[in-house]
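Here is the structure we will look at.
All heavy atoms count here, side chains included; hydrogens, waters and symmetry mates do not. Residues take their numbers from the sequence shown, with the count starting at 1. Order of listing sets the numbers, starting from 1, for every ligand and every atom in it.
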Amino acid sequence: MSNNWVQQHRRDYYYRKAKQLDYRSRASFKLIQIDDRFDILKEGRSVVDLGAAPGGWLQVAAERIGPEGRVIGVDLQPIAPIEGTMVETIIGDVRKQETVDRLLYMIGGKVDVVLSDMATNISGQYAMDHARSIELCDHALAFARKTLVPGGCMVLKVFEGDMMRDLLKQIRASFREVKLHAPKASRSSSSEIYVIARDFKGEAPPRPQAAPVNSDRC
Ligand SMILES: C[S@@+](CC[C@H](N)C(=O)[O-])C[C@H]1O[C@@H](n2cnc3c(N)ncnc32)[C@H](O)[C@@H]1O
């Protein structure tokens with residue numbers, strides 16, 4: 001990490017705000033802004049957060065869904081316990097079946113929301129970073145398809161690039177409403193964007209006739 005990077009980071013508005021409010025990462029504000037706009041983290045919901053370390057999104061999810069809800073985070077890195085909450089965490093690689101099986105066992109049913117802020121270390125090579133991001137999104141989507149309740153929703157970070165079109169096509173096959181959103185808290189230099197996918201169609205392949213109205217949808 002260069003001195004320049006550290007200095008810029010310290011000057012960053014959201015970095016300082018996160019410190020003031022005891023959030024573990026500036027990324028917390030991205031989820032706050034997404035949720036303020038799309039109202040995903042309603043009280044009492046169950047949420048799985050993929051790529052959750054150090055835990056900024058977990059803190060926001062726990063605050064917003066309250067004590068009746070459930071939040072489970074998974075990451076390659078350990079996540080320190082989030083004091084005063086019932087947040088559960090596991091260490092694991094979302095690309096591995098054993099991690100997915102552990103998560104499914106912990107969930108023991110279906111969830112309302114799947115979040116993914118997963119990202120690998122940025123190489124600076126645009127095509128490589130995009131390809132890695134798409135790979136993680138494919139795993140997150142596969143996980144969401146297995147675990148979401150019909151009507152459930154997913155928030156997915158992706159680094160933009162030419163494979164996005166195909167990813168969005170796959171997401172649209174499983175969700176009735178798909179939007180792209182760039183929260184203000186994303187750095188202007190970043191190519192990240194968030195896919196907000198709502199109203200999961202359910203595990204069954206899409207049917208030609210209109211789906212029944214689901215009042216409990218995201
Ligand atoms: C940008 S950080 C997430 C920040 C988090 N949303 C927060 O608010 O604190 C991306 C995370 O994705 C995790 N990650 C990357 N690849 C992963 C994988 N294959 N399985 C699980 N986690 C992964 C990284 O370890 C990293 O902690």
Met86 CE: over 12 foreign heavy atoms closer than 6.0 Å: no
Are any of the side-chain heavy atoms of [X] and [Y] separated by less than 4.5 Å?
X      : Y      : result
Arg64  : Ile40  : no
Leu115 : Met154 : no
Ile171 : Leu156 : yes

Residues in contact with ligand 1, criterion: heavy atom under 4.0 Å: Ser25, Ala27, Gly51, Ala52, Ala53, Pro54, Gly55, Gly56, Trp57, Asp75, Leu76, Gln77, Gly92, Asp93, Val94, Arg95, Asp117, Met118, Ala119, Leu136, Lys157
Residues Asp129 and Gln125: side-chain donor-acceptor under 3.5 angstrom: no
Aromatic plane relationship, Phe29 with Tyr23 - under 30° parallel, 30 to 60° tilted, over 60° perpendicular: perpendicular
